[in-house]
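Note sheet for the following structure.
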Amino acid sequence: MQKNVSSIWRRLPADIVKRTEHCVAAGCERQPDTGDAAIFFRADDIAVPASNFTRLLKLFSQYRVPLCLAVVPAWLTRPRWLALKRVAPDAASLWCWHQHGWRHVNHADQGKKQEFGPLRSQDDLAHDVQCGRQRLENLLGQNFYPVFTPPWNRCDEKTLQVLKNLGYAAVSRSRGSRPPASQGLPSFDVNVDLHTRKEKTAAAGWNHLFDELQQAIASGRCGVMIHHQRMNPAAFDFLEILLRIVAGQKELKPVHFMEYTANKQREVA
Ligand SMILES: [Zn+2]
């Protein structure tokens with residue numbers, strides 16, 4: 001058994017396809033009547049090429065569903081980037097490569113982990129945001145899109161201000177994150193967690209996961225968080241089921257951050 005694999009991924013329930021179809025359909029039925037319900041997928045901790053990464057991108061490619069890739073700048077090197085890019089050569093429009101912090105280290109002395117937390121000065125935070133951005137711009141070139149996913153989905157008010165000052169298109173954390181993002185910095189939050197769930201039993205994990213998914217779809221803004229390093233064969237099987245159902249669901253548009261930003265701007269205009 002892999003380390004850090006949630007209890008739900010020990011074995012898929014026998015009725016998993018039916019249950020997922022029902023969950024997605026029920027979420028769609030309850031969506032607001034604006035006709036622009038969207039779903040995005042965000043994969044975190046990207047930088048090191050490996051078989052799980054290849055398998056992940058193949059799945060999204062196969063179902064033509066876009067994927068937002070949160071890249072840890074300090075972990076990325078040119079050879080690594082070239083190897084990642086080889087896995088995603090075609091269908092560039094499917095991938096949204098963006099920034100996942102700087103070094104993915106914890107600076108909090110207690111409590112929840114944070115790289116961009118309140119203990120640090122605005123100068124230090126700005127320095128790290130800029131270092132990360134510069135590195136990704138150098139390595140990724142045109143493939144980089146300026147959205148910031150803070151490690152552990154957490155950052156403080158000063159960081160949000162830095163991102164706004166530097167003209168980031170958006171920040172991506174988890175639903176209900178505090179402090180809220182302000183005008184001028186849209187928030188594309190994840191509200192479904194596939195691979196870092198902590199429930200003790202698989203039954204509780206599945207119930208909560210399906211509740212999350214249905215509510216997120218019903219809200220019209222569903223963001224699914226992926227941690228590919230923690231995925232085992234069952235987790236890949238479920239992701240494939242979910243992608244197949246999502247791709248076939250007319251009421252749900254799979255997007256990535258670039259399209260999301262365009263929608264937001266239209267909303268504001
Ligand atoms: Zn992370």
Side-chain angles (χ1 to χ4, degrees), residues 2-6 9 40-57 60 66-77 80-81 84 87-88 95-120 124-125 127-133 135-136 139-140 143-156 159-160 162-163 168-178 181 187-198 209 212 223-232 235-236 239 256-257:
Q2 250 169 288
K3 259 177 62 189
N4 288 329
V5 175
S6 300
W9 304 120
F40 74 85
F41 292 83
R42 193 191 82 199
D44 289 2
D45 305 338
I46 302 292
V48 182
S51 56
N52 267 14
F53 176 80
T54 305
R55 192 165 173 190
L56 183 74
L57 264 65
F60 279 86
L67 177 63
C68 305
L69 297 132
V71 186
V72 182
W75 296 353
L76 193 67
T77 58
R80 281 179 172 175
W81 166 242
L84 296 180
V87 179
W95 320 119
C96 183
W97 305 89
H98 69 283
Q99 184 176 347
H100 193 32
W102 162 227
R103 295 192 297 137
H104 212 299
V105 293
N106 178 28
H107 289 275
D109 57 353
Q110 55 181 348
K112 305 236 178 205
K113 290 181 178 174
Q114 300 204 55
E115 185 175 22
F116 291 85
L119 284 185
R120 310 185 66 205
D124 285 350
L125 295 165
H127 173 268
D128 280 9
V129 170
Q130 276 171 307
C131 279
R133 180 169 181 163
R135 189 168 179 86
L136 293 185
L139 292 171
L140 275 60
N143 293 288
F144 174 70
Y145 189 63
V147 168
F148 190 84
T149 291
W152 301 287
N153 286 307
R154 269 178 221 110
C155 67
D156 75 342
T159 308
L160 294 175
V162 165
L163 297 172
Y168 274 75
V171 63
S172 181
R173 296 176 289 172
S174 40
R175 179 181 55 103
S177 283
R178 303 251 123 215
S187 203
F188 302 155
D189 295 335
V190 290
N191 42 16
V192 178
D193 173 11
L194 291 184
H195 307 122
T196 62
R197 314 196 63 86
K198 302 270 188 333
L209 172 57
E212 266 176 29
V224 182
M225 181 169 66
I226 293 173
H227 283 86
H228 65 293
Q229 284 125 326
R230 294 174 176 233
M231 290 177 74
N232 66 359
F236 274 106
L239 184 60
H256 63 44
F257 290 151

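Atoms within a ligand are numbered from 1 in the order they appear, just like the ligands themselves. These values consider heavy atoms only, across backbone and side chains, with no hydrogens, waters or symmetry-generated copies.
Under 2.8 Å from the Zn ion (ligand 1), one finds the following protein N/O/S atoms: Asp45 OD1, His100 NE2, His104 NE2.
In this structure, Arg133 is positioned above the aromatic face of Tyr168, its NZ or CZ under 6.0 Å from the six-membered ring centre and within 45° of the axis.
Distance alone, capped at 3.5 Å, places no donor-acceptor pair between the Trp152 side chain and the Lys113 backbone.
A salt bridge links Glu212 to Arg197: one of the charged nitrogens lies within less than 4.0 Å of a carboxylate oxygen.
Residues satisfying the ring pair (Phe, Tyr, Trp, His ring centres under 6.0 Å) test with His227, not counting sequence neighbours, are none.
Among Trp9, Phe236, Phe41, the single residue meeting the ring pair (Phe, Tyr, Trp, His ring centres under 6.0 Å) criterion with His195 is Trp9.
In this pair, Phe148 and Phe116 present their aromatic rings perpendicular. The plane angle is above 60°, beyond the 30 to 60° band.
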